Amino acid sequence: MSLQENRPTTRWQRVRDNDIVWSFIHSPGAVFAAAITLFAILACVFAPLIAPFDPFDPAQISLWDGKLPPAWIEGGQPQYLLGTDNQGRDMLSTILYGGRLSIMVGAAAVCLGMVLGVTLGVISGYVGGVTDAIIMRIADVQLTIPGILLAILINGIGRAFLPLELRQEFAVYVVILAIGLTDWPQFARVTRGATLVEANKEYVQAARIIGLPGWLIMLRHILPNTLRPVLVIATIGLALAIIAEATLSFLGQGIPPTTPSLGTLIRVGNDYLFSGLWWITLFPAIALVVLVFAVNLLGDWMRDALNPKLR
Amino acid sequence: MHYGKMLAVSATALILASPALAENVFRWTSQGDALTMDPHSQNEGPTNAMNGQIYEALVTRDAALTLQPELAESWEAGADGWTFKLRQGVKFHDGADFTAEDVVFSFERAKHEASDFKEQAKSVASVEVIDDYTVKLLTDGANPILPNQLTSIYMIDKGWAEANNVVAPQDFKAKEETYAVRNANGTGPFVLESRAPDEMTVLMRNGDWWGEGMFPGNIDKIEYRPITNAATRVAALLSGEVDFVLDPPLQDLKRIEGSDGLHVTTVAQIRSIFFGMDQGIDKLRTSDAEGNPFKDPKVREAMNLAIDKAAIQRVVMEGLSFPTGMITPPGVLGNTPGNDESYGFDAAKAKALLAEAGYPDGFSVQLDCPNNRYNNDEKICQAAVAMLAKIGVRVSLDAIPKAQHFPKIQKRETDFYMLGWGVPTLDSHYVFSYLLESSGSWNATGYKNDRVDEITAAITTEIDIDKRTMMIDEAWSLVKADMPYVPIHHQVLAWGIADGWDVPIAADDAVRPRFVVKQ
Amino acid sequence: MIFFVLKRLAQSVLVMAIVSAVSFSLFNFVGDPVNNMVGQDATREQRIEIRQQLGLDDPILTQYARFLGNALQGDFGLSYRIKRPVDELILERLPATLELVFVSAIIALVVGITLGIYTGIRRSAWTSRIILSVSLVGVSLPTFIIGIALIYVFAVHLRWLPSSGRSGTMEFGWWKTSLLTIDGWRAIILPAITLSLFQLTLILRLVRAEMLEVMQTDFIKFARARGLSERAINFRHALRNTLVPVITIIGLNIGGLIAFSVITETVFQWPGTGLMFIQAVDFVDVPIMAAYLVFVALLFVLINLVVDILYFVVDPRIRLGN
Amino acid sequence: MTELLKTNDLDVEFPTRRGTVRAARSVSLAVGPGEVVGLVGESGAGKSTIGNAIIDLLEAPGRVSAGSILFEGEELCGRSESEMRSIRGDRIGMIFQDPQTSLNPLMTIGAQLIETIEKTCDLRGSSAKTRAVELLEQVGITEALPRLAAYPHQFSGGMRQRVVIALALAGDPDLIIADEPTTALDVSIQAQILDLLKRLCRERDLGVIIVTHDIGVVASIADRVVVMYRGEVVETGDVAQVLGAPRHEYTKSLIAAVPRADGKLDRFSSVDYIEGNVEPFQRIDIQTHWLGQAQHERTSGNAIEVEKLELSFVLQKAIIKRNRKLVRAVADVSFEVKEGETFGLVGESGSGKSTVARLIAGLHRPDAGVIRVNGQDVSSSPRSGAARDARRAVQMIFQDPYSSLNARMRVIDIVAEPIRFYRTASNEAETRKIVGELLDHVGLGAQASLRYPHEFSGGQRQRISIARALASRPRILICDEPTSALDVSVQATILNLLKDLQQELGLTMLFISHDLPVVRQMCDRIAVMRHGSLCEVADAETLFSDPQHEYSRHLLDLMPRMDLLGKAEV
């Protein structure tokens with residue numbers, strides 16, 4: 001209509017004019033969430049630069065500094081802003097490093113689930129027939145075994161399977177695998193659904209008539225058009241994956257305490273909850289909840305923003 | 001209304017049912033439940049403790065751990081065995097009489113292949129019935145400490161066992177559980193009322209018990225509920241759901257002590273915590289070092305000096321431990337103040353020793369550690385990792401449940417591990433034969449000292465107490481110099497108790513309900 | 001209808017076959033079962049004998065067939081740790097888990113759907129915004145943190161409710177219920193809330209989203225154009241159409257409750273199957289792990305079957321075909 | 001004439017973040033009892049907005065910003081929601097476009113009717129049921145009583161629209177607003193529904209506002225016409241006057257653009273009135289151009305030959321073959337298309353005409369039969385190299401301009417895809433040049449190449465589709481309803497473009513449409529399809545002047561009466 005005539009010219013104006021960007025800028029919650037997520041991710045990624053101590057380096061830890069309260073409480077020491085844990089590790093540093101691990105594990109797990117799920121989903125939806133039936137049946141089975149159980153199982157098997165010396169190093173990968181593997185059916189189902197819709201659209205048929213091979217059609221045409229819902233699931237999935245990692249670690253089935261993730265920190269700290277050393281569990285718990293909340297908020301907004309019907 | 005009425009009725013039923021009709025109900029909790037009610041199937045602390053309230057042995061220990069008569073009234077040693085006079089008029093819970101025949105049967109059962117007590121019962125070659133109330137336990141040669149070995153071999157009724165097809169202890173080969181797993185028929189002060197494993201076990205006072213009136217305890221009913229999670233366990237005590245926690249985490253003791261209506265009692269436990277170093281193989285499995293650094297006594301000394309036991313005591317154990325230089329605690333025959341003294345802490349010297357031994361940059365090794373067995377086990381290991389890092393020993397820690405940890409030691413698949421050792425017999429022989437004798441089944445260090453092996457064999461049969469004690473002391477001094485282990489500390493037991501209950505604490509960490517008094 | 005259910009049943013059997021294969025493979029993956037069964041001092045001969053007795057030397061398919069045959073009869077062997085038949089153990093623990101899941105599901109469904117409808121209808125009311133914000137926090141709180149917090153506040157601090165365990169049970173045959181006593185209800189409140197909170201928020205958000213979606217449809221617009229009352233539009237038209245997709249998710253969510261009961265039961269020491277499972281994992285008690293897996297899958301499959309049948313009831317398009 | 005409804009200078013606004021869109025400006029119109037008023041305009045003209053505004057169901061954030069709506073003398077603007085609710089259904093009924101989605105799928109027809117009757121007529125129980133049966137019978141549904149228990153999905157599209165009308169009539173309203181009531185329906189059903197509306201209007205003395213883009217619908221039903229263009233009423237008047245002798249330029253051009261069924265014209269008259277019209281052709285010399293290089297030696301034979309094609313779709317899967325429910329989409333279809341000819345395929349929806357097109361394009365595999373493209377059998381071993389090469393000569397233009405372009409790709413990538421894939425250009429620079437020229441050629445301009453599809457209108461997108469098809473250097477172009485989603489004015493320009501291309505490049509064209517006038521203008525020969533089979537194949541003019549098959553005659557009868565249309569100047 002007539003409004004279309006004054007088309008924006010500069011690139012920035014174009015970006016700003018984009019509906020999603022506009023909706024983002026005008027949604028304080030989303031901006032807030034993105035800010036926290038970004039802050040958390042940056043803080044954790046750059047933990048080695050920011051953190052006052054390296055909690056993974058046993059040589060930096062002094063047991064005599066253990067169980068110190070936060071700096072503002074009597075008995076606290078200024079170099080340990082949030083106090084120390086039972087091993088004498090600086091809480092702030094541990095949380096930063098732990099958050100880094102949690103985010104890394106969560107992101108890697110979601111990526112794994114996403115790559116696996118999207119690939120299988122697109123193939124399933126596009127190829128159809130027996131391939132589709134097999135993939136979807138496997139997904140059904142996967143859904144029949146609740147994720148957290150499967151993660152515990154995979155972890156257990158991983159522990160039993162791996163040789164002693166590898167177990168420590170592989171604990172993280174086992175957790176990633178465990179969570180990632182439980183995630184894929186979701187991605188597969190959504191992608192398959194979107195693929196079924198897209199594959200019937202005429203641009204795909206046009207591509208077929210041009211004579212493009214199936215893999216190219218899936219890759220170039222269908223895949224990019226199914227990514228919107230995938231993005232939403234991936235974001236919410238990231239939050240869930242972080243929780244899943246924390247839960248596994250809390251149950252003692254996850255990341256070992258020598259390189260603690262937030263979940264492991266909470267598990268360890270939980271032992272001190274009643275003894276008055278509340279900071280050992282409270283701070284990591286707050287960090288975890290804020291992180292997950294921010295990611296969720298972002299995902300929530302994204303779901304609404306990407307769903308034109310609800311706008 | 002209909003529904004409301006029903007609710008009201010059931011509510012009243014509840015109110016009537018729920019307050020204890022039995023007057024003194026002792027509700028308590030600890031981490032792990034007994035595995036089975038079969039007294040000969042599993043030799044495991046919590047299982048023995050639970051079964052010891054239903055079943056009884058010939059002799060027992062009181063809270064001070066001195067030997068006391070139980071089903072035997074008296075005993076005396078002979079050259080080829082010990083004679084026991086049995087208590088008369090004792091009845092099993094089902095009413096059957098306890099006689100010498102049951103003793104014979106019980107020892108046979110304990111020595112059965114499927115029994116977990118066959119090692120302990122091994123020293124009893126056979127049981128000879130003198131009369132209905134006298135038995136002679138025949139041994140291979142003299143055994144000076146036989147009564148010490150009998151305190152957890154419980155007596156079971158032959159007739160009941162036969163009637164219920166449980167002549168043999170439960171065995172994995174049996175395709176189903178046996179009757180004795182969930183049913184019990186002992187002579188003890190409490191009768192098994194109901195049992196839901198890992199959930200709730202209820203015991204009722206046995207009014208016909210032989211010791212009725214002889215002991216101060218006045219409990220009518222015991223409700224035992226295992227709670228795995230330590231924090232939850234403490235929460236249960238703090239919220240008044242239980243009267244007694246056997247194993248509150250050390251860090252919560254202050255909180256318990258500080259709460260109204262709760263108190264803590266402590267006692268030095270008959271258990272020492274230490275690290276083992278495999279010095280018997282040529283190349284460590286988990287190390288980047290060439291060869292085996294632990295073979296070098298200097299390295300072993302460095303390991304000993306690098307660990308700050310005082311810091312562990314203060315920070316990790318909240319003061320509740322006794323740093324030590326040997327792996328058996330006071331109270332056990334063989335513990336001497338001299339040997340008990342810690343090796344001390346000197347990181348600089350430790351580093352120097354490592355350099356001398358040819359490891360100026362240290363080496364790496366994996367530490368295997370249980371995470372659900374000893375007081376703060378995993379946390380001690382973590383602390384040790386940090387301390388060893390300061391002298392250049394790079395330790396990777398693998399903390400796993402005891403069920404997976406112990407097989408590693410028994411199969412000797414570990415280079416460096418944590419272990420704790422309690423001594424139920426209160427005699428060093430128990431330590432030597434398992435941990436220090438070169439063929440000891442729990443000696444995963446590969447430690448071999450011919451003299452120590454010799455002494456271990458000798459004290460099995462030496463009846464001259466003084467001579468025997470001297471040999472034990474000599475062996476301990478050798479061990480102190482050889483340093484096959486890194487002794488950390490002796491554990492201290494702490495029990496959390498609700499006010500109004502008098503629960504005499506015992507160093508073997510077993511509750512003795514016959515002494516528990518509700519005020 | 002019968003054909004449809006039969007088809008679903010056939011699919012369920014397939015799913016169960018695969019799940020049982022997975023759990024069967026546990027026996028072979030997780031260490032040598034013989035090691036778990038014999039004492040450390042067992043001789044080589046003993047081990048070989050046991051291998052033969054257990055049929056571990058048979059071809060793998062034979063072993064699987066045997067496992068399947070036994071599993072069909074509910075026989076999963078003896079627990080390595082407690083040395084009791086696994087099926088009996090599970091049956092014993094089942095009531096606790098089912099009651100917990102049942103109460104949680106009721107809480108999640110009733111509260112979740114009510115609030116979902118409310119926020120779906122009153123889209124821009126401030127109460128809706130608050131509920132939504134709180135629900136987002138709810139999704140972000142790991143179950144175990146909720147549990148710990150509830151214990152700390154209501155059991156330790158206020159001493160209103162017990163912190164752990166199941167009490168006030170009454171027995172009816174093999175079913176032990178705690179829902180008939182005040183003590184029992186006191187004990188179930190905290191774990192049930194903990195377990196339900198996450199699913200509650202999910203259901204709430206889902207119902208709302210579906211509600212909004214349905215509100216955009218033509219038939220709602222047409223209902224408006226006929227002058228029907230808001231009430232009729234919201235409840236008779238919108239809600240019922242909302243329920244169709246919601247039912248699927250609710251089916252999955254109840255399954256989720258069973259899965260998450262593992263955590264809740266651990267935190268609250270609730271004597272159900274989940275607690276047993278996690279203890280079994282700690283002890284590598286493979287028979288329990290395998291049986292639990294099959295059992296959970298079976299529950300899932302059953303729930304999905306019920307969901308499918310519910311579809312029949314709710315959606316005439318499936319019921320009557322074209 | 002007494003006026004039932006009258007709007008005076010009605011303004012409707014949609015505030016958006018980019019400014020306020022004035023969807024309707026100073027709209028004044030009136031309806032009397034027993035009168036059908038056609039509200040005509042192209043998409044975006046604001047005609048539906050007026051309908052929604054009258055009954056106060058504007059989509060948020062739309063609102064009436066000025067003017068008044070008088071209904072039986074009462075002002076409707078500014079009424080409260082509950083007051084409006086008592087008017088909706090009771091006094092003003094509304095019918096929407098898509099009968100598939102207008103009914104609640106989970107409620108029986110009866111429940112929906114009775115619910116409405118209870119609300120509007122204050123009848124309860126059995127009397128409400130009796131009334132429901134009456135209503136259904138009035139809209140031409142026989143055996144109404146048992147059908148009360150049926151669900152919407154058990155009805156066909158036409159029947160559902162009848163139910164929708166019954167629902168709109170339930171409250172015995174004085175005015176009915178029908179928003180594109182027949183657009184989603186087949187021609188034959190469209191005629192029935194229009195007849196029904198007309199009859200109801202006469203019998204009940206109803207006022208009817210029928211909102212439509214289809215001049216034919218207006219011509220066949222309306223008494224008076226209101227023409228809207230960009231939110232404004234440009235012309236109002238008696239139907240014969242407006243259609244026969246339009247006064248406003250826009251109306252003239254609109255009517256001129258309607259394809260004539262009564263005679264073949266050389267070119268469609270495009271709607272000149274539209275501002276920012278298509279740029280003139282950038283002609284390229286076909287013989288020397290890249291496009292021409294693929295025009296190898298010409299055979300004078302048949303470009304497409306189809307023999308005894310069969311295809312069934314599985315409706316319900318089953319393991320046992322005889323339990324499967326099949327629908328025969330194509331049955332025993334044989335025809336041939338000569339080189340350079342435009343061959344039309346007509347039929348109602350579900351007749352299988354699109355399926356035949358897809359079979360030829362290779363999107364489906366036939367169950368039986370042979371397809372030859374330029375003499376090469378492409379059906380028996382479709383994956384063979386020869387079949388693939390032959391198929392490359394076939395390209396297709398699709399119906400929906402929105403879904404036929406990949407939204408994630410730039411125009412250049414869309415058009416260049418076949419060039420890049422088959423490496424028919426020597427380098428990237430040449431590829432870009434060719435794409436630019438193609439875009440010029442279809443009238444978009446080379447500068448379009450860097451933009452994304454969503455920046456274009458429907459007609460422009462169809463041009464992109466055509467450019468993409470050309471990039472494969474086709475010799476056969478299949479057009480599957482290429483203009484049915486477009487406005488009349490745009491339709492004309494696209495059809496002209498296709499015609500030009502066909503002539504310039506000597507393309508063979510298979511043209512599929514349900515729109516008989518369009519087919520008549522476009523095609524040399526025409527095949528009529530019904531239920532998957534061919535009824536008749538004939539020269540275009542022969543078919544229109546002397547249809548042989550009974551069904552062909554029926555179809556021709558259903559063509560909207562165009563006799564009202566005057567000989568508008570072109």
Side-chain angles (χ1 to χ4, degrees), chain A residues 29 33 137-138 140-153 155-161 236 239-240 242-253 262-263 266-267 269-270 273-274 278 281 284-286 288-297 299-300 303-304 307 309-310, chain C residues 11-12 14-19 21-23 25-26 29-31 123 132-133 135-137 139-145 148-149 151-152 156 198 205 209 212-213 215-216 252 255-260 262-263 266-267 274 277-278 280-282 284 286 289 292-293 296-301 304:
Chain A
R137 256 340 79 160
I138 297 175
D140 276 355
V141 173
Q142 180 87 77
L143 285 174
T144 310
I145 307 172
I148 194 87
L149 289 191
L150 196 78
I152 293 173
L153 272 177
N155 240 313
I157 295 172
R159 279 154 185 254
F161 232 175
I236 294 167
L240 287 175
I242 293 175
I243 289 188
E245 182 277 317
T247 306
L248 276 182
S249 296
F250 177 79
L251 292 175
Q253 308 289 325
L262 289 179
I266 295 169
R267 171 168 76 96
N270 186 35
L273 188 62
F274 298 127
W278 48 268
T281 188
I286 289 175
L288 177 70
V289 172
V290 168
L291 177 65
V292 174
F293 179 73
V295 175
N296 265 329
L297 204 57
D300 206 42
R303 177 167 41 198
D304 286 356
N307 186 349
K309 281 193 203 156
L310 297 181
Chain C
Q11 281 181 0
S12 309
L14 187 72
V15 167
M16 287 310 298
I18 300 176
V19 171
V22 170
S23 54
S25 61
L26 271 182
F29 279 148
V30 187
R123 203 178 149 187
L132 280 177
S133 310
S135 79
L136 202 60
V137 177
V139 189
S140 310
L141 278 172
T143 308
F144 62 92
I145 290 189
I148 294 169
I151 291 179
Y152 194 79
V156 174
F198 185 75
R205 301 171 75 74
L212 293 182
E213 194 122 314
M215 284 307 210
Q216 308 291 323
L252 280 176
L257 284 177
I258 295 169
F260 277 94
V262 171
I263 301 150
T266 309
V267 173
F277 172 69
I278 201 85
V281 170
D282 266 352
V284 201
V286 174
M289 288 157 74
Y292 182 72
L293 201 66
V296 168
L298 186 69
L299 276 185
F300 248 79
V301 164
N304 279 332

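These numbers come from a predicted model, not from an experiment. Lettering of chains follows the sequences in order, A, B, ..., and the numbering in each one begins at 1.
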S.K.: Applying side chain to side chain contact (heavy atoms under 4.5 Å, CB included) between A/Asn270 and each of C/Ile148, C/Ile145, C/Val267, report the one that passes.
M.R.: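 Between A/Asn270 and the candidates, side chain to side chain contact (heavy atoms under 4.5 Å, CB included) is satisfied uniquely by C/Ile148.
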
S.K.: What part of C/Val156 is in contact with chain A, defined as an atom under 4.5 angstrom from a non-hydrogen atom: side chain, backbone, both or neither?
M.R.: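 Interface part for C/Val156: side chain.
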
S.K.: Just to verify, what does C/Phe300 make a ring pair (Phe, Tyr, Trp, His ring centres under 6.0 Å) with, not counting sequence neighbours?
M.R.: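 Counting only residues at least two positions away or on another chain, C/Phe300 forms no ring pair (Phe, Tyr, Trp, His ring centres under 6.0 Å).
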
S.K.: Picking from C/Leu299, C/Leu132, C/Val296, C/Leu298, which has the most non-hydrogen pairs under 4.5 angstrom with chain A?
M.R.: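 The residue among C/Leu299, C/Leu132, C/Val296, C/Leu298 with the greatest pair count is C/Val296.
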
S.K.: Can you tell which part of A/Ile266 gets under 4.5 Å to a heavy atom of chain C, answering side chain, backbone, both or neither?
M.R.: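 Contact with chain C involves the side chain of A/Ile266 alone.
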
S.K.: Need one label for A/Leu240: side chain, backbone, both or neither, based on atoms under 4.5 Å from any heavy atom in chain C.
M.R.: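 For A/Leu240, the contact with chain C is made by the side chain alone.
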
S.K.: Let me confirm one number: the CG-CZ distance from A/Leu288 to C/Phe144, rounded to the nearest 0.5 Å.
M.R.: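 Answer rounded to 0.5 Å: 6.0 Å.
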
S.K.: Is any side-chain heavy atom of A/Val290 less than 4.5 Å from a side-chain heavy atom of C/Ser140?
M.R.: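 A side-chain contact is absent here, since even the closest heavy-atom pair is not under 4.5 Å.
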
S.K.: Non-hydrogen atoms of chain C under 4.5 Å away: do they reach the side chain of A/Ala285, the backbone, both or neither?
M.R.: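 Answer is both: backbone and side chain atoms of A/Ala285 are under 4.5 Å from chain C.
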
S.K.: Measure distances from A/Asn296 to the heavy atoms of chain C and classify the residue's part below 4.5 Å as side chain, backbone, both or neither.
M.R.: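 Contact with chain C involves both backbone and side-chain atoms of A/Asn296.
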
S.K.: Under the side-chain contact (heavy atoms from CB on, under 4.5 Å) rule, what do A/Phe250 and C/Thr143 come out as? Steps first, then yes or no, please.
M.R.: CA-CA 10 Å; A/Phe250 177 79; C/Thr143 308; over 6 Å; no

